[in-house]
Amino acid sequence: MRVKLVLMWLLLALTAQAVTPELGKDRLRRLVRLPTVAFEAEWRFDPELGFLLGTGEQDARAKIAELRKDLTGKISDAEAYASLGGLYATFNDRPNSQLAWATAAEFYRKRVEQQPENGLLLAGLGRALEETHSASEAESVLRHAVHVAPKEWKCQVALAHFLDTQARREIEGAAADAGTADSQPGRLRPAQVALAQKQLAEAGEGYDRAATIASEEAEVYFRRGMHRCLRSFLLNQVQLASGGQSDGMDVFADCFSRESLADLQRASRLDGRNYRRMAGTAVFEIYSACAKKGSVDWDQFTWNSLPDGAQRSLHESVTRLENLGQDPDPRFAAGALEALGILQGPILHEPQRCIASLRRALALDPARVQAWETLAGTLAQAHAYAELLELCDDQAKRDDAPRNHLLLAKAYEKLRQWDNCEDQVRLAMREDDANFTASLALASLLLRRSDGDAAALADANNWLARSEYLLAKIPKDRRSQQQLIELTLSRSIYFALSDDVATAREWASAVMQVDKENKVAREILAATNY
């Protein structure tokens, strides 16, 4: 049975068959919880970029400010604009990214006119053209770059990267056109598959040549390692889309190969100050050792489940990150400590070390969002609610955002300080009156204190109705099942407190249909079972 949100006037048409006794109402009010405020993801994975840990936006914005300070408006700025294009893309600022790449292409083109056989300038132009969606011209320019400068590793890598990107667009674009992310038999044409396979093979050869030319360049090994990962990912998609053997298959199966890991480890050693790549490589090693069907069961993962070699390698990575955390540049040190804390906490299950590293990171740079998110989540899991309250209070004072007030409200909830909790929820509503979580939180608090207060119960009903309205406005791809379940449970408790027991049980049972182990739904049914 699918949980359905319906209008209040329809629900009130149902006839109540029982009255909830006061003892049951006390029990129900104690079941009320504030809605979940999800913490931001600690890391994400892309088969072309690898594992990304930490708050990359702060680092990118700092680099953008440095680059912009030195711009001259002359064609010599081509490289700077290309860097800006990549940096803006790291936090999805597409307009500025595209503008920067377009400017880079313009400047590179003028310089190529002056030096038509300069391979590095041609490679820069080709890369900019690729990012401005001039794929045909980009390929022609990049191939010419390799032809005139076969010994320049940057030319080899630029063409190989272009071929990887085109193969990915070919495969994933076809899946998107078919309206499915996990392709179905017959969705990819043989010509598409053949072209992508040819592009991937040629890209691999280009990376191998670059590694021969420049055996001490970190970027060469990083790109080759991620190429190998991407190749497995795309060929798995091809197999699924072509109707091949797919029982239990995952598109990430075989992505975390030992040869990919070896390249990433070498890149990390050669670029010893790149803390995000260092931490990402450590996570890649865990996947390489422990992933089954492309994923790791983090609930079951332990340090001892790693082979001895992987344990030694991870110890080395942790030590290197700790050393970078001592850097005299506070912003740089904070970034390294943030990456270290994420590695120690959610990944290696060392909460106390995680807390210490993240506190140091925030002391150096309070703006590191991921450090704050991970620290708050770690304190909550450790039931360190007094420390969590202090942390959330500091963050709400630093940044008066609705989310921060809601997290502070959750901390007050854990300490059963209900008046302070409600104050923070109302502050969140004041900042954003269309915030679904804040609306449902206020409804929940009113339900909790509605003992003998008909006005509070009626007010809760109004906020629940508003929550239904706000949830319906959230796009389906951003609306979570958890949000729907929490709203349904709050509605169920409201009906029970209003003596509409039949409807209360109906709504709680609806939750049980989609979440059979839901403890609150079970307790609502138990409290109304008379």
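Predicted, not measured: the structure shown is a model, and the values here were computed from it. In this chain, numbering begins with 1 at the start of the sequence shown.
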J.: Flag the pair Leu52 / Arg276 as yes when at least one side-chain heavy-atom distance between them is below 4.5 Å, and no otherwise.
T.: yes
J.: Does one side chain, of Gln482 or Glu486, offer a donor that lies under 3.5 Å from an acceptor on the other?
T.: yes
J.: So do Met226 and Leu49 actually touch side chain to side chain, heavy atoms under 4.5 Å?
T.: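 Side-chain contact under 4.5 Å: no.
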J.: Tell me whether Arg448 forms a cation-pi arrangement with Trp418, defined as NZ or CZ under 6.0 Å from the six-membered ring centre and within 45 degrees of its axis.
T.: yes
J.: With side chains defined as the heavy atoms from C-beta onward, is the minimum distance between Leu261 and Tyr287 less than 4.5 Å?
T.: no
J.: Show, in sequence, the C-alpha distance, side-chain angles and deciding distance for Leu457 and Leu446, and conclude whether the side-chain contact (heavy atoms from CB on, under 4.5 Å) test is met.
T.: CA-CA 7 Å; Leu457 194 59; Leu446 290 166; over 6 Å; no
J.: Dump the intermediate steps for side-chain contact (heavy atoms from CB on, under 4.5 Å) on Arg61 and Phe91, then the final yes or no.
T.: CA-CA 9 Å; Arg61 288 191 182 278; Phe91 52 93; 3.4 Å; yes
J.: Knowing that exactly one of Asp399, Asp393, Asp394 qualifies, which makes a salt bridge (Lys or Arg N to Asp or Glu O under 4.0 Å) with Lys397?
T.: Asp393
J.: If you count every heavy atom of other residues, nucleotides or ligands that lies below 6.0 Å from Asp297 atom CG, does the total exceed 12?
T.: yes
J.: Taking the side chain as every heavy atom from C-beta outward, state whether Leu407 and Arg403 have any atom pair closer than 4.5 Å.
T.: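 The answer is yes; the side chains approach within 4.5 Å.
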J.: Please walk me through it: do Arg522 and Glu517 pass side-chain contact (heavy atoms from CB on, under 4.5 Å)?
T.: CA-CA 8 Å; Arg522 287 182 182 277; Glu517 302 302 318; 4.2 Å; yes
J.: Parallel, tilted or perpendicular: which fits the ring planes of Tyr385 and His383, with parallel below 30° and perpendicular above 60°?
T.: perpendicular
J.: Mark yes or no for whether Gln395, through its side chain, and Asn404, through its backbone, hold a donor-acceptor pair below 3.5 Å.
T.: no
J.: Would you say the side chain of Arg491 lies within less than 4.5 Å of the side chain of Asn461, judging by non-hydrogen atoms?
T.: yes
J.: Specify the closest pair of heavy atoms between Glu413 and Leu34, including all atoms of both residues, with the distance to one decimal.
T.: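 Nearest pair, atom of Glu413 first, then Leu34: OE2-N, 2.9 Å.
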J.: With side-chain contact (heavy atoms from CB on, under 4.5 Å) as the test, would you mind laying out the steps for His349 and Thr302 before giving the verdict?
T.: CA-CA 8 Å; His349 302 327; Thr302 64; 5.7 Å; no
J.: Could you tell me if Asp327 and Tyr275 have a donor-acceptor pair between their side chains, going purely by distance under 3.5 Å?
T.: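 Absent: no donor and acceptor within the cut-off.
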J.: Minimum heavy-atom separation for Asn518 and Ala521, please, with both atom names.
T.: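 Residues Asn518 and Ala521, closest heavy atoms: OD1-N, 2.9 Å.
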J.: With side chains defined as the heavy atoms from C-beta onward, is the minimum distance between Leu348 and Phe301 less than 4.5 Å?
T.: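 Sidechains of Phe301 and Leu348: in contact.
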J.: Side chains of Asn435 and Leu406: closer than 4.5 Å at any heavy-atom pair?
T.: yes
J.: Decide whether a cation-pi geometry holds between Arg466 and Tyr469; the criteria are a distance under 6.0 Å from NZ or CZ to the six-membered ring centre and an angle within 45° of the ring axis.
T.: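 Ring-cation test returns no.
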J.: Would you say the side chain of Ser450 lies within less than 4.5 Å of the side chain of Tyr494, judging by non-hydrogen atoms?
T.: no
J.: Identify the heavy atoms of Met512 and Leu525 that sit nearest to each other, and give their distance.
T.: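 Minimum heavy-atom separation between Met512 and Leu525: CG-CD1, 4.1 Å.
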J.: Distance alone, cut at 3.5 Å: any donor-acceptor contact between the side chains of His405 and Asp400?
T.: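 The answer is yes; a qualifying pair exists.
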J.: Between Phe233 and Phe45 (judged by ring centroids, cut-off 6.0 Å), do the two rings come close enough to count as a pair?
T.: no
J.: Mind listing the closest non-hydrogen atom pair of Ser467 and Leu440 along with its distance?
T.: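 Reported closest heavy-atom pair: OG-N, 3.2 Å.
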